[in-house]
Amino acid sequence: MADQPTSLVRYTTDAGADVAVLTFDHGPLNLFDQAMFDAVAADVAALVADPPRAVLLRSEGKVNSAGVDVHVFDGLSAQQGADLWRTLFAQIAHPLEALPCPVVYAAHGLTLTAAFEISLACDIIVASPKAKFGLVETVVGLTPSMGGPQRLAERAGSGRARELVMTGDLYDAATLKEWGVVNSIHDDVDASARSLVERLAAGPTVAHAATKKIVAAWRSGGVAHADEVTSDVSGALFETDDLRGAVKSFLENGPGKATYTGK
């Protein structure tokens, strides 16, 4: 086991883009005990305080995570349970979703409960053919409460979300790709995820942040609400160096030649 449950490493790509890699490394099962939750929350806070151009979440070891250490739940009152979920939403799920840059989750193996729910708060999920996913909280009489059911419903439909949660079964990457939960499958998922993150980091991350705002508006209020915010969110891009430089590059040199620096 690593000295710390997680590591947060930032590096500059060959193209000069700032990328952050958050790695779970907490014993052979990467269990989410209180130390793990605290470490992830601290790492997410660091990303919020100084956002990179793209983020990759990944795990060391044979599994991404075997889920939550059940000791976390032992003896909690109803109020304490509610406070736990409010804290995890406030410190992990919501700020991770709100990062103004692309966030990619790489699943190379078993990805259960909290880890699966965290992946659903990311923009893109890539997986190995061997990866398996599950929200198995039914084994302790609980329902997933870090946002998993509703985010599954968004990606796969409400019927699929209820099936996955109520059965507590494990689902392979191919099935979840068919359902729209997993975006892509790769034999070398770590290398593919890093390549994707570096590609996204080299792109117009100010525009990516605008895309996330528009999608977030749709999630909270549907198409009509997203339409309401799109004009201002997208309109602001016309005063950015990224858009102005990219338009000039397109006109002078053709598409795909622009360099983006904003974030």
Side-chain angles (χ1 to χ4, degrees), residues 2 4-10 19-27 29-52 54-61 63-73 76 79-107 110-126 133-137 140 142-155 161 165 181-182 193 197 209 212-213 215-216 219-220:
Q4 298 295 326
T6 64
S7 65
L8 181 61
V9 175
R10 296 177 74 140
V19 169
V21 180
L22 171 54
T23 299
F24 305 149
D25 188 8
H26 195 35
L29 298 180
N30 278 318
L31 286 177
F32 276 76
D33 55 14
Q34 193 59 54
M36 180 73 133
F37 280 125
D38 290 345
V40 174
D43 290 333
V44 171
L47 293 170
V48 170
D50 183 18
V55 178
L56 170 63
L57 276 66
R58 58 178 298 278
S59 296
E60 286 291 335
V63 304
N64 276 70
S65 174
V68 177
D69 184 338
V70 177
H71 289 95
V72 172
F73 304 140
L76 295 185
Q79 185 61 54
Q80 289 170 327
D83 289 343
L84 170 65
W85 302 128
R86 290 191 186 98
T87 297
L88 295 178
F89 272 125
Q91 294 184 350
I92 298 177
H94 290 166
L96 188 63
E97 283 182 318
L99 282 172
C101 64
V103 182
V104 175
Y105 189 97
L110 188 66
T111 306
L112 299 183
T113 68
F116 190 9
E117 292 188 281
I118 288 172
S119 78
L120 292 166
C122 297
D123 298 308
I124 298 172
I125 301 173
V126 296
F133 300 81
L135 296 176
V136 298
E137 284 84 349
V140 293
L142 185 64
T143 190
S145 302
M146 282 181 66
Q150 53 268 46
R151 285 160 180 78
L152 270 174
E154 178 193 10
R155 292 177 183 243
V165 172
V181 177
V182 168
V197 167
K212 293 179 69 163
K213 288 180 181 179
V215 173
R219 296 171 77 188
S220 64

Please check this pair: side chain of [X] against backbone of [Y], looking for a donor-acceptor N/O pair closer than 3.5 Å.
{"X": "Ser119", "Y": "Tyr105", "value": "no"}
{"X": "Lys212", "Y": "Cys101", "value": "yes"}
{"X": "Glu117", "Y": "Gly148", "value": "yes"}
{"X": "Thr111", "Y": "Phe133", "value": "no"}

Please output the side-chain donor-acceptor pairs of residues 36-48 that fall under 3.5 Å, not counting sequence neighbours, one pair per line with the distance.
residue	atom	partner	partner atom	Å
Asp38	OD1	Gln34	NE2	3.0
Asp43	OD2	Thr6	OG1	2.5

For [X] and [Y], work out which heavy atoms get closest and say how close.
{"X": "Pro149", "Y": "Thr143", "value": "CG-OG1, 4.5 Å"}
{"X": "Ala115", "Y": "Ser65", "value": "CB-CB, 3.5 Å"}
{"X": "Val55", "Y": "Leu99", "value": "CG2-CD1, 4.3 Å"}
{"X": "Leu152", "Y": "Phe116", "value": "CD2-CZ, 4.0 Å"}
{"X": "Ala209", "Y": "Pro100", "value": "CB-O, 3.5 Å"}
{"X": "Asp33", "Y": "His26", "value": "OD2-NE2, 2.9 Å"}

Taking the side chain as everything from C-beta on, heavy atoms only, tell me whether Val165 gets closer than 4.5 Å to Pro144. yes

Answer whether the closest heavy-atom distance between the side chains of Met146 and Arg151 falls below 4.5 Å. no

Nearest 0.5 Å, what's the [atom1]-[atom2] distance between [X] and [Y]?
{"X": "Leu29", "Y": "Ser59", "atom1": "CG", "atom2": "OG", "value": "11.5 Å"}
{"X": "Leu120", "Y": "Leu135", "atom1": "CG", "atom2": "CG", "value": "7.0 Å"}
{"X": "Gln91", "Y": "Arg86", "atom1": "CD", "atom2": "CZ", "value": "13.5 Å"}
{"X": "Phe73", "Y": "Leu84", "atom1": "CZ", "atom2": "CG", "value": "6.5 Å"}

Exactly one candidate in Leu96, Asn64, Leu88, Leu22 meets side chain to side chain contact (heavy atoms under 4.5 Å, CB included) with Ile118; the answer is Leu96

